[in-house]
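By convention in this document, chain letters (A, B, ...) are assigned in the order of the sequence lines, proteins followed by strands, and residues within each chain are numbered from 1.
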Amino acid sequence: MTSDRPSPSFAPPMSSEQRKAFPFSEFEPKWQDVWEARKAFRTPNPGDADFDATKPKFFVLDMFPYPSGAGLHVGHPEGYTATDIIGRFKKMSGFNVLHPMGWDAFGLPAEQYAIKTGQHPRATTEKNIEGFRGQLKRLGFAYDWDREVNTTDPGYFKWTQWIFLKLYNSYVNDEGKARPIAELEDALSDNPKMIDQWRSNGTLMAYHDCYKNSTSGVRDDTRAQIISEARLAFVSSAPVNWCPELGTVLANEEVVDGKSEVGGFPVERRPMRQWMLRITSFAQRLIDELDGLDWPESIKLHQRNWIGRSEGAEVKFKVAGVDETIAVFTTRPDTLFGATYMVLAPEHRLVDVLVTEEQATAVEEYREKAGRKSDMERTELAKDKSGVFTGAYAINPVNNEQIPIWTADYVLMGYGTGAIMAVPAHDERDWEFAIKFDLPIKHVVAQPKPSAPCLWDPRPQGPKAGRWVFADDTKSEIIGYSDPNVCYIGEGIARKSGFLDGLPTLEAKRKIAAWLEEKGLGKGTINFKLRDWLFSRQRYWGEPFPIVWEDGNHRSIPESELPLLPPTLEDFKPTGTPEPPLSKATDWVRYSATATRELNTMPQWAGSCWYYLRYCDAQNSERFVGEEAEKYWMGGGKPGGVDLYVGGTEHAVLHLLYARFWHKVLFDLGYVSTPEPFQRLVNQGLIMGEDGQKMSKSRGNVVNPDDVVQEYGADSLRLYEMFMGPLEQVKPWSMKGVEGVYRFLARVWRLVMEVDEEGVWSVSAKLQDVPANKQVTKALHETIKKCGEDIEKLSFNTAISQMMICTKTFTAEEVMPASAIVTFLKVLSPFAPHIADDLNAHIATKFPALAVDGLLSDATWPKYDPAALIEDEVEVVFQVNGKLRDKARVPIQATKDEIEKIALASARVQEFMEGKTPKKIIVVPGKLVNIVV
RNA sequence: GCCGGAGUGGCGGAAUUGGUAGACGCGCCAGACUUAGGAUCUGGUUGGGAAACUAGUGCAGGUUCGAGUCCUGUCUCCGGCACCA
């Protein structure tokens with residue numbers, strides 16, 4: 001170690017072998033092998049022989065990775081180390097800990113890589129998983145590898161398909177709960193067999209009566225339609241982003257400026273038949289049931305915003321001269337008197353019906369242009385409104401005024417009714433549109449008058465400025481302020497609104513809603529931004545749907561035919577048409593003489609919607625998860641089953657929302673015991689490159705964990721990732737920082753080990769079987785206390801700092817008390833498990849009675865002794881007028897009076913008191929004295 | 001534009017209920033052991049000042065014996081969403 005070093009300059013990197021401050025490259029793989037051989041982290045399930053039912057459970061979960069060919073990056077081990085520390089700590093603290101890992105391995109990247117390299121995605125996926133698993137094992141994570149899941153494994157996706165069948169065979173009843181579709185089928189039959197089960201359900205009874213009374217000629221079709229439309233998994237043909245080049249539909253997020261994010265290929269909008277999941281039926285519950293979860297408020301808010309609940313009213317407008325009505329949704333029914341025109345989305349059914357001959361060409365042209373635009377393009381051009389007059393007029397139900405009906409793409413078909421009443425005076429979008437096309441603007445809400453007396457006058461100055469206004473021209477009481485040149489979107493007082501005049505917005509909304517309902521012209525309604533979930537993809541590398549088609553109708557295949565394997569295709573390239581690649585498997589496609597298989601596959605989200613459940617009982621071939629295992633690991637009396645879920649914010653909405661949705665369906669159907677999957681959620685922050693930029697290949701600032709392990713060892717990597725700063729924070733990487741924790745571990749190593757001239761390590765002569773002195777004992781017990789508390793708080797950086805302080809105290813000693821060191825190693829072991837187990841084993845060779853027998857992960861987390869923390873004396877600070885002037889050590893039991901006396905006696909204090917008499921003296925025992933003069 | 005988060009040394013970051021600002025680490029400086037140091041150990045390290053002292057937690061106020069922490073206003077940075085009627 002000290003001799004034959006290579007020359008200091010231009011030393012080749014490989015010489016690092018001789019520079020190692022402790023032999024981590026030897027003992028790290030050794031202990032990883034020991035843990036694996038002993039199945040040290042196998043977690044027994046209820047029913048297993050070695051299961052201890054008296055222990056509480058702790059389910060700690062990582063967001064499982066997509067095994068890419070690039071391998072792990074340093075962002076992965078951040079969250080994984082955090083959960084590993086928690087898991088190991090909980091295990092030592094007497095919990096049954098479930099801490100598993102798996103692979104989210106279906107998906108487009110694997111498929112495209114396969115196409116590029118000509119390999120089968122199954123082969124590349126297997127290879128990538130091998131790589132990832134090896135990397136994770138080299139970091140020493142305490143996973144129970146017997147519970148590993150892989151979404152592309154038939155034993156796994158059998159149950160993904162099974163859950164799809166549950167969705168397919170369920171509907172939502174009038175209580176908003178998922179129920180078997182059999183109930184609905186039963187109600188729509190002549191001789192119901194389960195009537196006792198649904199007799200109390202008003203909707204089903206009504207369906208039943210309706211069915212019985214309908215004429216037999218049409219009722220079979222109606223029945224089939226009702227059932228088909230009620231399913232949670234259903235078929236729709238809405239326009240989607242179709243990318244011919246990639247040969248698949250793309251999500252809106254995958255389309256940028258009308259081109260595909262990957263490759264920059266053109267994307268067109270076209271209606272296609274596809275599978276949807278009825279997540280919208282759960283919108284309200286997905287909002288409400290966030291309340292019971294320990295998630296960051298920002299994520300909850302994000303989900304609420306995404307679901308986008310808004311309360312308002314639906315209003316029906318008659319069309320002048322035609323027997324049609326147009327329903328609109330508005331959150332401001334109180335502004336109905338200010339509606340001066342109406343807009344239909346270009347895709348709206350009535351556009352064609354209403355358009356007049358003169359406008360037909362212009363409207364047709366506009367519709368076609370709008371249809372070609374992607375959602376993204378529509379949004380891009382948000383500032384520049386476009387639209388065409390249809391030539392038709394609607395009648396405003398409150399005043400029978402005729403208002404023009406336009407079509408414009410700023411109204412989206414997918415939200416509300418796809419039609420709006422435009423109130424330009426009180427809606428910015430309508431305002432812009434009205435200005436551009438010179439449509440009338442009618443102000444019907446006055447900005448409220450400030451409550452007197454008030455110096456504030458909101459009126460802008462100038463000749464065109466607004467003025468104080470009356471409710472209408474016949475009244476004389478000023479109700480507020482209105483500026484005809486300004487669009488006012490806030491709440492206020494209704495004016496020029498007939499029977500609403502003078503009412504504040506909230507009351508006006510209530511009154512108009514009641515009025516509309518009474519006249520049968522509308523009603524209060526709640527709308528959600530959330531859309532149903534587009535669930536089908538034209539891809540090869542995904543779960544096939546357990547569905548067949550016959551005579552244009554779909555039906556499920558029996559559960560006994562699961563798993564439905566994808567065909568082994570040599571050529572799985574896109575077809576170049578919307579026909580999915582599975583269409584190439586002509587034999588596979590033919591289900592029977594008359595029926596063919598569904599050709600779409602499920603999106604990548606499907607497998608990740610329920611993997612946490614599979615972990616509870618990963619080997620079960622009878623059920624997606626065993627009942628007893630599910631009850632134990634997902635139970636615990638809280639709404640969410642997983643005790644701690646750690647992952648990145650990129651999944652704040654989609655994955656977490658989809659998984660919650662599936663979980664609720666399974667809950668309603670009685671397959672799981674909690675309404676929510678994840679009780680506590682923590683988002684780890686992004687790790688940036690050393691330059692403070694996001695890590696990326698193009699910037700050349702990517703840090704490879706393998707290199708770090710090679711150079712400093714897994715323990716150093718783990719420790720550094722936790723020492724960088726708070727888990728949830730964005731923080732830059734620093735190789736120098738890794739060296740810092742590496743040096744710390746080397747110091748720990750040398751507490752126990754010493755090296756001879758040949759560079760051979762042996763247990764240090766300083767290590768002895770002696771009791772720890774008072775100072776060491778105090779440092780040790782402070783460390784036990786702080787680390788335990790900090791791990792619970794996920795404050796790993798401060799826990800590590802405390803261990804560094806403790807090590808310094810040890811280092812200063814002439815003699816190392818072996819049993820104290822062993823206790824310290826227990827505290828260190830969740831963070832740096834390899835070095836901890838290795839040093840414990842070394843200590844065992846010399847002091848078998850003092851070391852832990854076996855693995856530290858099986859040891860019990862030490863208890864700290866509060867008595868050891870107490871000192872005889874504490875330092876008390878003396879302030880004069882709030883400024884620090886002196887300090888003194890005072891006995892811990894000193895009374896307030898005694899401390900005060902000591903303070904007043906201080907020469908420095910007296911100097912700053914300048915002989916004045918104290919006005920006030922504040923004494924905080926054990927802390928400070930502040931003398932005010 | 002809207003929503004959310006954050007502003008503390010040269011850097012990453014610490015600071016119970018308001019009670020010694022800058023723990024711990026990096027970097028830097030000095031010393032020790034050394035033929036050598038990019039190893040190890042010891043000490044120092046917010047700015048100004050020789051020192052006593054003084055200023056100091058984005059900025060401006062306020063409450064308090066005492067404010068990084070509480071209140072009001074304001075600026076900057078980061079992240080997300082963005083025609084949802």
Side-chain angles (χ1 to χ4, degrees), chain A residues 1-2 5 7-9 11 18-21 296-299 301-302 304-306 308-310 312 328-332 335 343 375 378-383 385 408-412 414-423 426-430 432-433 489 527-531 649-650 652-653 685-686 692 719-720 723-726 728-741 743-744 746-747 750 789 795 797-805 808 811-812 875-884 886-887 911 918-922 924 926-933:
Chain A
M1 194 69 188
T2 49
R5 279 189 38 76
S7 98
S9 52
Q18 286 134 307
R19 260 196 323 221
K20 273 168 191 153
E297 274 312 311
S298 60
I299 300 287
L301 197 74
H302 203 160
R304 287 196 191 99
N305 290 344
W306 186 266
R309 180 186 200 271
S310 59
V328 303
F329 174 71
T330 176
T331 52
R332 291 297 299 272
T335 62
V343 186
D375 272 1
R378 282 196 182 188
T379 316
E380 285 290 310
L381 305 168
K383 277 147 215 129
K385 296 261 180 307
D409 66 5
Y410 83 92
V411 173
L412 307 174
Y415 184 76
T417 60
I420 61 156
M421 64 178 209
V423 185
H426 304 294
D427 182 286
E428 272 176 348
R429 298 150 300 183
D430 297 344
E432 275 175 37
F433 193 81
I489 58 166
N527 245 304
F528 295 93
K529 271 202 283 192
L530 185 69
R531 314 284 170 81
T649 18
E650 65 272 21
V653 177
L686 211 62
L719 214 53
Y720 174 65
F723 188 61
M724 291 171 84
E728 285 151 281
Q729 202 164 297
V730 179
K731 42 209 178 280
W733 186 267
S734 156
M735 242 1 153
K736 289 286 185 189
V738 183
E739 284 179 35
V741 294
R743 276 199 282 268
F744 160 65
R747 272 199 294 275
R750 290 193 307 266
E789 289 167 356
S795 292
N797 53 336
T798 51
I800 294 166
S801 136
Q802 178 61 38
M803 289 189 284
M804 288 171 167
I805 294 169
K808 245 183 195 168
T811 310
E875 191 177 65
V876 173
V877 173
F878 301 150
Q879 297 178 333
V880 178
N881 287 337
K883 289 211 159 89
L884 174 67
D886 201 5
K887 19 182 139 171
E911 186 188 321
K919 259 192 243 167
K920 194 172 177 185
I921 301 178
I922 292 118
V924 183
K927 290 263 181 191
L928 62 76
V929 179
N930 188 12
I931 298 159
V932 187
V933 295

Roughly how far apart, to the nearest Å, are [N] and [M] at atom [atom1]?
| N | M | atom1 | value |
| --- | --- | --- | --- |
| B:C41 | B:C33 | C1' | 8 Å |
| B:U17 | B:C26 | P | 30 Å |
| B:G9 | B:A23 | C1' | 14 Å |
| B:G43 | B:A51 | P | 22 Å |
| B:A52 | B:U63 | P | 33 Å |
| B:C11 | B:G73 | C1' | 32 Å |
| B:G13 | B:A6 | C1' | 14 Å |
| B:A67 | B:U54 | P | 15 Å |

Please report, rounded to the nearest Å, how far the [atom2] atom of [N] is from the [atom1] atom of [X].
| X | N | atom1 | atom2 | answer |
| --- | --- | --- | --- | --- |
| A:W733 | B:G13 | CH2 | P | 14 Å |
| A:E739 | B:A39 | CD | C1' | 12 Å |
| A:L884 | B:C53 | CG | C1' | 13 Å |
| A:Q729 | B:C77 | CD | P | 19 Å |
| A:Q802 | B:A23 | CD | C1' | 10 Å |
| A:F723 | B:G25 | CZ | P | 7 Å |
| A:E728 | B:A6 | CD | C1' | 13 Å |
| A:I805 | B:A15 | CD1 | C1' | 12 Å |

**Request:** Would you kindly check if the NZ (Lys) or CZ (Arg) of A:K385 is within the cone defined by 45 degrees around the ring axis of A:F433 and under 6.0 Å from the six-membered ring centre?
**Result:**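 Ring-cation test returns no.
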Counting side-chain heavy atoms from C-beta on, which of [options] comes nearest to [X]?
| X | options | value |
| --- | --- | --- |
| A:F329 | B:A23, B:A85, B:C65 | B:A85 |
| A:L928 | B:A23, B:G19, B:C83 | B:G19 |
| A:N305 | B:C3, B:U20, B:C41 | B:C3 |
| A:Y415 | B:A85, B:G19, B:C41 | B:A85 |
| A:H302 | B:C81, B:C83, B:G4 | B:C81 |
| A:S298 | B:U16, B:G4, B:G12 | B:G4 |
| A:L412 | B:A14, B:U20, B:A85 | B:A85 |
| A:R747 | B:A85, B:G19, B:G25 | B:G25 |
| A:M804 | B:C24, B:G13, B:C65 | B:C24 |
| A:T331 | B:A85, B:G12, B:G19 | B:A85 |

Need one value for [X]: base, sugar-phosphate or nothing, where a base atom within 4.0 Å counts as base even if backbone is also close, heavy atoms only.
| X | answer |
| --- | --- |
| A:I922 | base |
| A:N930 | base |
| A:K887 | base |
| A:S310 | sugar-phosphate |
| A:K736 | sugar-phosphate |
| A:S734 | nothing |
| A:V423 | nothing |

[X] side chain vs [Y] backbone, donor-acceptor pair below 3.5 Å:
| X | Y | answer |
| --- | --- | --- |
| A:K529 | A:S310 | no |
| A:Y720 | A:S734 | yes |
| A:R747 | A:M804 | no |

**Request:** Please assess A:T335 against A:M421 for the test side chain to side chain contact (heavy atoms under 4.5 Å, CB included), listing each intermediate value before the final yes or no.
**Result:** CA-CA 10 Å; A:T335 62; A:M421 64 178 209; 3.8 Å; yes
Below the 4.0 Å mark, does [N] have OP1 or OP2 next to a side-chain nitrogen or oxygen of [X]?
| X | N | value |
| --- | --- | --- |
| A:K808 | B:G25 | yes |
| A:N797 | B:C24 | no |
| A:R743 | B:C41 | no |

**Message:** Defining pairs by Watson-Crick or G-U wobble geometry with both distances under 3.5 Å, how would you list the stems of RNA chain B with at least three pairs each?
**Reply:**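 Output for stems: B:1-7 with B:75-81, B:10-12 with B:24-26, B:27-32 with B:40-45, B:46-48 with B:53-55, B:58-62 with B:70-74.
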**Message:** More than 12 heavy atoms of other residues, nucleotides or ligands under 6.0 Å from CD of A:E728: yes or no?
**Reply:**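 More than 12 heavy atoms, drawn from other residues, nucleotides or ligands, come within 6.0 Å of this atom.
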**Request:** Would you check if A:Y415 and A:I420 make a side-chain contact, meaning some heavy-atom pair closer than 4.5 Å?
**Result:**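 Heavy-atom side-chain distance check fails, nothing below 4.5 Å.
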**Where the chi angle of B:G62 falls, syn if within 90° of 0 and anti if not** =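 Anti for B:G62; the angle lies over 90° from 0.
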**Request:** State whether the distance check finds a donor on one side and an acceptor on the other, under 3.5 Å, for side chain A:Q879 versus base B:U20.
**Result:**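 Per atom types, no contact qualifies.
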